[in-house]
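Report on one structure; see the data block that follows.
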Number of protein chains: 2
Amino acid sequence: MKIICSPEELTKGINIVSKAVASKTTMPILECILITVTDSEIKFTANNTELGIETIIQGEIIEPGSIAIKSKVLSEMVRKLPSGSVNIEVDSSLNISVTCEKTHFNFIGESGQDFTLLPKVEKEASFMLSQFSLKEGIRQTIFSISANDANPIMTGEYFEIKQDHLRIASLDGHRIAIRNLELNQTYDSASFIVPGKTLIEISKILAGEMDKDITIYYTQNHILFEFDETKVVSRLIEGEYFKIDQMIFSDYQTKVTVNKKDLLDCIDRGTLFVKENDKKPIRLEISDEKLDVMIKTLMGSMQDELEIEKTGKDITICFNPMFLLDALRVIDDEFVEIRFINSKSPCYICDNENNYIYLILPVNYN
Amino acid sequence: MKIICSPEELTKGINIVSKAVASKTTMPILECILITVTDSEIKFTANNTELGIETIIQGEIIEPGSIAIKSKVLSEMVRKLPSGSVNIEVDSSLNISVTCEKTHFNFIGESGQDFTLLPKVEKEASFMLSQFSLKEGIRQTIFSISANDANPIMTGEYFEIKQDHLRIASLDGHRIAIRNLELNQTYDSASFIVPGKTLIEISKILAGEMDKDITIYYTQNHILFEFDETKVVSRLIEGEYFKIDQMIFSDYQTKVTVNKKDLLDCIDRGTLFVKENDKKPIRLEISDEKLDVMIKTLMGSMQDELEIEKTGKDITICFNPMFLLDALRVIDDEFVEIRFINSKSPCYICDNENNYIYLILPVNYN
């Protein structure tokens, strides 16, 4: 195998596929990036068996072949190289020689034969959206997945396609996050559960450009994200997702409109005396034109007051402040609308266009 | 006690004194910042018994008094406050009430009586230099102190005043770092050993301004740094420092001038295959107009070649690459001069004006 590449192309390829390199594993080959060179392309692949990524990089192909190189060594080497084109040559004994200007590195690679290739995903069912929409949709819902593996379904996000709409939802038993995204054409109805880890890595790779699309293919067990020169393959989570529509109510007794930043800052302030794992609730007391915020822990207390616009009944309700913060942090609007039914029922933070709904269960407070 | 301050002044005061707040301690009072309010000033103090810092902040004094507050709580609170002046009030039961706009915090402080005040340092012997010079002098030598407490003297830096010169030196048994700084007047001769930890914290506080001075007072056991509205007090390390002058030779057999960045990058590249705690040396082979750099470990090898200007004999010599990197990283010159005696004797990285000398012992290589 012999190729000549720019350091920029190498860096780009490494940065993309390294998201699928295993970090703690008993199988050393999973810590490698596979470089596969054919007559027509140079491909980088990484696969931690849950998630696999491959991407094509530009470069001059002198001799086809393949080699697996520890991701850490490859990325650090490329970072330390002087500027100038990089010559990578591998002999039949897996000796790798990397030359750039007057610098020569020599080391041993691993055989590409031992590498687990990505599963083949049939390109039958698919839909398309902008990279920006997908990246935003993930950012605005991913915090609501469960960190706990006890129920695997909760560690993923629910993707539901209906005509020209994609709904992304996540829930952890205390809250639900929903984003509705418009697609630019009508597709067959479909739904599946994508592992949260996959979506977190996809987000990191996506530049999030408005004018670039991503195509998503899905089968019974796998999902394939295809964009630019890159393919990301992940298994899907098996099982039936929760009936989200049955959890959402549209009627309410109290509706409050409040400046998002003011509310976020105020609740953040309230967490000062809340130690980790300490489940002290924050109390919201809503009366005409005023929201009183109160929290009291063993360490100290805070009171604050915000201006609001209110319709409906006065209400006093308590929440885990972290759940309110998580939702408020991902909302880009200047003002948010919060709907309440009563002090035992969830509140809904939403917008008028139904682009997002954040449902949060209240906490009992004595 | 009652004061009204701007959040900026509070933040400034906290940032300065927090460098002397103890982090892991069995004495909770050492985790506090002491606020002392007299009729004329508001003073913040922190003291971890090794290092003590006090600083004056601006604000309106309504009632004198004192209170000790956990540094972490105070700094997080100030960070979370809305903008607007901050009212801090303490009653006789140590109840603290902090009010800013419509936000109220209530919590309990610790008695100022329990706080260990800074030792009094007699202002007899002193010298002065710019904050910039001191900060730079520390940065360019501090990496050579020993991390190992076995010999306490090596964990400090040697300050030596002779007429209108200050020499700062550090050594760890493998290398010596020396910076010579000019003072703008003549002082009595003096020398003392300042704990490295103190100097690291002082560096962080100093803005490093060229046109602002710092006055340094010293006694048998203590050192006091006085600048702006701040005082930093530290004990000195007892003992006699090494005879540095006896370790420095001015004759040499080989002198090399090389582009600093090129050499730094090249040696950094060489560390790719050096694992932590792995003491693989890097080999420098100096011949006319060429420096060959070579390193070989179990993981792989690197060769590189740099252009140099050389006078004197050819020489081959090996070093711990980390020691070369540490010195090269703090040198601001475009070119460095390295002097060699033979392959068993230390090399000297220095400039013609003798502003700095970095002496590094070679490593045996078979």
Side-chain angles (χ1 to χ4, degrees), chain A residues 7 69-70 72-84 86 94-109 259 261-275 290-308 321 325, chain B residues 7 69-70 72-84 86 94-109 259 261-275 290-308 321 325:
Chain A
I69 304 178
K70 284 260 183 294
K72 233 172 136 181
V73 170
L74 186 62
S75 77
E76 211 179 319
M77 178 179 298
V78 171
R79 202 155 36 87
K80 286 181 193 283
L81 281 175
S83 53
V86 184
L94 307 176
N95 283 312
I96 305 167
S97 142
V98 176
T99 307
C100 179
E101 302 290 329
K102 288 176 178 167
T103 307
H104 306 274
F105 286 107
N106 285 286
F107 58 109
I108 306 269
N259 179 292
K261 188 174 180 307
D262 289 348
L263 181 60
L264 176 63
D265 288 350
C266 167
I267 294 171
D268 183 42
R269 231 168 268 148
T271 61
L272 176 67
F273 295 127
V274 181
K275 284 193 194 163
K290 204 178 80 167
L291 165 62
D292 280 302
V293 179
M294 223 280 279
I295 189 161
K296 195 171 179 175
T297 78
L298 287 175
M299 285 173 70
S301 68
M302 186 211 72
Q303 290 120 289
D304 212 334
E305 192 188 304
L306 293 177
E307 274 177 36
I308 53 168
L325 285 181
Chain B
I69 304 178
K70 284 261 183 293
K72 234 171 136 181
V73 171
L74 186 63
S75 76
E76 211 179 318
M77 178 178 301
V78 171
R79 202 155 37 86
K80 286 180 193 283
L81 282 174
S83 55
V86 184
L94 307 177
N95 283 311
I96 306 167
S97 141
V98 176
T99 306
C100 179
E101 302 290 329
K102 288 177 177 166
T103 306
H104 305 274
F105 286 106
N106 285 287
F107 59 109
I108 306 271
N259 179 293
K261 188 175 180 309
D262 289 348
L263 180 60
L264 176 62
D265 288 348
C266 167
I267 293 172
D268 183 42
R269 231 168 269 148
T271 61
L272 175 68
F273 295 127
V274 181
K275 283 193 194 161
K290 203 179 81 167
L291 165 62
D292 280 302
V293 179
M294 222 281 277
I295 189 160
K296 195 171 179 176
T297 78
L298 287 175
M299 286 173 69
S301 68
M302 187 211 71
Q303 289 120 293
D304 212 335
E305 191 187 306
L306 293 177
E307 274 177 36
I308 54 169
L325 286 181

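Chain naming here is simple, since letters A, B, ... match the order of the sequence lines and numbering starts at 1 in each.
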Using a 6.0 Å cut-off, check whether atom CD1 of B:I108 has over 12 heavy atoms from anything other than its own residue.
yes
(request) Measure A:L306 against the heavy atoms of chain B and call it side chain, backbone, both or neither at under 4.5 Å. (result)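 It is neither, since no heavy atom gets under 4.5 Å.
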Query raised in the report: Of the backbone (N, CA, C, O) and the side chain (C-beta and beyond), which part of A:V98 lies under 4.5 Å from a heavy atom of chain B, both, or neither?
Result: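 Nothing of A:V98, per the 4.5 Å heavy-atom cut-off to chain B.
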Kindly compute the distance separating [atom1] ([X]) from [atom2] ([Y]), expressed to the nearest 0.5 Å.
X      : Y      : atom1 : atom2 : value
B:R269 : A:L81  : CZ    : CG    : 7.0 Å
B:F105 : A:I295 : CZ    : CD1   : 10.0 Å
A:T103 : B:D265 : OG1   : CG    : 9.5 Å
B:H104 : A:E305 : NE2   : CD    : 7.5 Å

Can you tell if the side chain of B:E76 reaches within under 4.5 Å of the side chain of A:F273, non-hydrogen atoms only? no
Based on non-hydrogen pairs under 4.5 Å, which of [options] is most in contact with chain A?
options                      : value
B:M77, B:Q303, B:M299, B:K72 : B:Q303
B:T271, B:V293, B:D268       : B:D268
B:P82, B:G300, B:S301        : B:S301

